Amino acid sequence: MVFFIFFMAALVTVFAAVKLSTYADVISMKSTWGGMMVGTILLAGATSLPEVTTSLTAVVIDNPDIAIGNVLGSNLFNLFILAVFDVYYRKKMLFTKTHFSHIYSALLGICLVILVILSFILPLQWSLFRVGMESYLIILFYGIGIYMLNKTGGEQLNDEKEVFSDAAKSVSLKRAQIGFVIAAIITLLAGSTLAISGDQIALLTGIGSTFIGSFLIAASTSLPEAVAVLIALQLKNPNLAVGSILGSNAFNMLIISLSDAAYLQGVILQFVEESHVVSALSVCLLSVIVMISILLGQKNMLKHLYILPSIILIILYFVTSYIIFVGLP
C-alpha cells in the first residue's frame with residue numbers, strides 16, 4: 001500500500017509540474033521577466049516545493065538524513081536531468097542556445113554547497129537559536145547571489161526573443177498567475193506525502209535513509225524539474241529549461257537552512273551521516289561540468305565532442321549512486 005501511495009503522490013507531482021511549467025512560460029512571455037529570470041527564481045522556487053515539504057516532514061518525523069539527502073540528492077538528479085535531455089536532444093545542441101548568465105546561477109549553487117561541505121569538514125560550534133552559522137551564511141549568500149544575478153542576468157536578457165506555444169499565447173497573465181499559485185499548492189501537498197511514504201519504504205526495505213533520501217525520494221521530488229525542462233524545451237525556451245534546473249539547485253540549499261531551523265534537537269548537519277559529503281562533492285563536480293558545457297556552447301567549440309561533458313556527467317551520477325548505496329568505508 002505504501003508503494004502505491006508513493007507512486008500516486010509522484011503522479012500528482014508530475015501533473016502539477018506540467019501546469020507550473022506552462023504558466024511560468026506565460027509569465028515569462030507576458031511580464032517584464034525573461035525566460036532566464038522566470039526559470040531561475042519563479043519556476044525554480046515552485047518546482048522545489050516538494051523538496052521543501054519533504055525535508056520539513058522528514059524533520060518532524062526525526063529523520064534528518066532524509067531531509068539533507070533529499071536536498072543534495074535532488075540537486076544531483078536535477079543536473080542528471082539536464083544532461084539526459086542534452087544527450088537526447090543532442091542535434092539541437094542545447095547549451096549553444098543558452099545565455100552566458102546561467103554561469104552565475106551555477107556558481108551560486110556551487111558556493112552554497114561548498115558551505116555545506118565545509119560544515120562537515122570543519123564543524124562550526126557557533127549557533128543561534130539552535131540554528132548553525134552555516135545556515136545563516138547560506139541565506140546571506142543566496143540573497144546576495146540572487147541580487148547580483150538579477151543585476152547581471154536580468155539586464156543582459158532584456159532583449160532576448162523567445163518562442164512560445166499557441167497554448168501559452170492564449171492564456172492571460174492573470175489566469176497564469178492564479179493557475180501558478182494553485183499548481184504550487186498542489187505540489188506542496190504532494191511533497192509531504194512523498195516524504196512520509198518514503199520514510200515507510202526505508203523501514204520496510206531496510207535500505208538506509210541516506211540512500212532513500214538521496215535517490216528515491218530525491219528523484220521523485222525532482223519530477224517537477226524534469227517535466228519543467230521537457231516542456232520548456234518543447235516550447236523552444238532553453239533559457240527557461242536551464243534556469244529552472246540551476247535556479248532550483250540554488251534555491252534547494254535554502255531548504256537546508258529551513259530544515260535546520262525546524263530541527264529542535266540542534267544543528268541538523270551534526271546529526272546526519274558523513275556520507276552526505278559524497279553527494280555534496282558530486283553536486284559541485286557536476287555543476288562544474290554544466291558550466292563547461294555552457295562555456296563551450298557559447299564559444300561554439302568542439303562541435304564533434306559537444307555531447308561528451310553530458311555523457312561524463314551521467315556516468316558520474318551513477319558512480320555517486322553506487323558509492324552512497326554501498327556506504328563509505
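On a predicted model such as this, the values are computed, not experimentally measured, just so you know.
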From [X] atom [atom1] to [Y] atom [atom2], the distance as rounded to the nearest 0.5 Å:
{"X": "Leu82", "Y": "Ser248", "atom1": "CG", "atom2": "OG", "result": "11.0 Å"}
{"X": "Ile114", "Y": "Leu281", "atom1": "CD1", "atom2": "CG", "result": "9.5 Å"}
{"X": "Glu51", "Y": "Ile256", "atom1": "CD", "atom2": "CD1", "result": "11.5 Å"}
{"X": "Ser279", "Y": "Leu76", "atom1": "OG", "atom2": "CG", "result": "5.5 Å"}
{"X": "Ile117", "Y": "Leu269", "atom1": "CD1", "atom2": "CG", "result": "11.5 Å"}
{"X": "Ser321", "Y": "Phe77", "atom1": "OG", "atom2": "CZ", "result": "9.5 Å"}

Do you reckon [X] sits in the same ILVMFWY cluster as [Y], going by side-chain contacts under 4.5 Å, direct or chained?
{"X": "Ile61", "Y": "Leu189", "answer": "no"}
{"X": "Phe251", "Y": "Val181", "answer": "no"}
{"X": "Ile323", "Y": "Leu79", "answer": "yes"}
{"X": "Phe180", "Y": "Ile185", "answer": "no"}
{"X": "Val267", "Y": "Leu264", "answer": "no"}

Can you list the residues that meet the side-chain hydrogen bond (donor to acceptor under 3.5 Å, both in side chains) rule with [X], with sequence neighbours excluded?
{"X": "Asn75", "result": "Asn252"}
{"X": "Asp86", "result": "Tyr306, Ser310"}
{"X": "Thr320", "result": "Ser282"}

*Leu246/Tyr104 under side-chain contact (heavy atoms from CB on, under 4.5 Å): CA gap, chis, key distance, verdict*: CA-CA 9 Å; Leu246 298 180; Tyr104 304 134; over 6 Å; no
Given the options Val71, Ile68, Val60, Ser55 meets side-chain contact (heavy atoms from CB on, under 4.5 Å) only with Val71
Across all chains, not counting sequence neighbours, the ring-ring contact (aromatic ring centres under 6.0 Å, His included) partners of Phe318 are Phe80
Taken in chain and number order and not counting sequence neighbours, the residues that satisfy ring-ring contact (aromatic ring centres under 6.0 Å, His included) with Phe271 are Tyr263
For [Y], is there any backbone N or O sitting under 3.5 Å from a side-chain donor or acceptor partner on [X]?
{"X": "Asn239", "Y": "His99", "result": "yes"}
{"X": "Lys92", "Y": "Lys97", "result": "no"}
{"X": "Asn63", "Y": "Ala58", "result": "no"}
{"X": "Ser119", "Y": "Val116", "result": "yes"}

Looking at residues at least two apart in the chain, or sitting in another chain, which of them share a side-chain contact (heavy atoms from CB on, under 4.5 Å) with [X]?
{"X": "Leu258", "result": "Val52, Leu56"}
{"X": "Arg175", "result": "Val171, Ser172"}
{"X": "Ala226", "result": "Ile81"}
{"X": "Ile139", "result": "Leu254, Ser257"}

message: Go through it in stages, so that I can follow the logic: the residues are Tyr89 and Leu233, the test is side-chain contact (heavy atoms from CB on, under 4.5 Å), and I'd like the CA-CA distance, side-chain angles, deciding distance and then a yes or no.
response: CA-CA 9 Å; Tyr89 292 106; Leu233 292 177; 3.9 Å; yes
- With a 4.5 Å heavy-atom cut-off, do Tyr136 and Val131 have their side chains touching? yes
Apart from Ile186 itself, its cluster of hydrophobic side chains linked below 4.5 Å comprises Val12, Ile178, Ile182
Could you tell me which non-hydrogen atom of [X] sits nearest to which non-hydrogen atom of [Y], and how far apart they are?
{"X": "Val113", "Y": "Ala280", "answer": "CG1-O, 3.3 Å"}
{"X": "Leu108", "Y": "Phe141", "answer": "CD1-O, 3.6 Å"}
{"X": "Gly73", "Y": "Ala218", "answer": "C-CB, 3.3 Å"}
{"X": "Met253", "Y": "Ile138", "answer": "O-CG2, 3.5 Å"}
{"X": "Ala83", "Y": "Leu313", "answer": "CB-CD2, 3.6 Å"}
{"X": "Ala106", "Y": "Met291", "answer": "CB-CG, 3.4 Å"}

Candidate pair Phe6 and Thr193, rule side-chain contact (heavy atoms from CB on, under 4.5 Å), full reasoning:
CA-CA 7 Å; Phe6 188 93; Thr193 306; over 6 Å; no
CZ/Phe15: more than 12 non-hydrogen atoms of other groups inside 6.0 Å: no
request  = Give the intermediate values and the outcome of side-chain contact (heavy atoms from CB on, under 4.5 Å) for residues Ile245 and Val290.
outcome  = CA-CA 11 Å; Ile245 290 295; Val290 170; over 6 Å; no
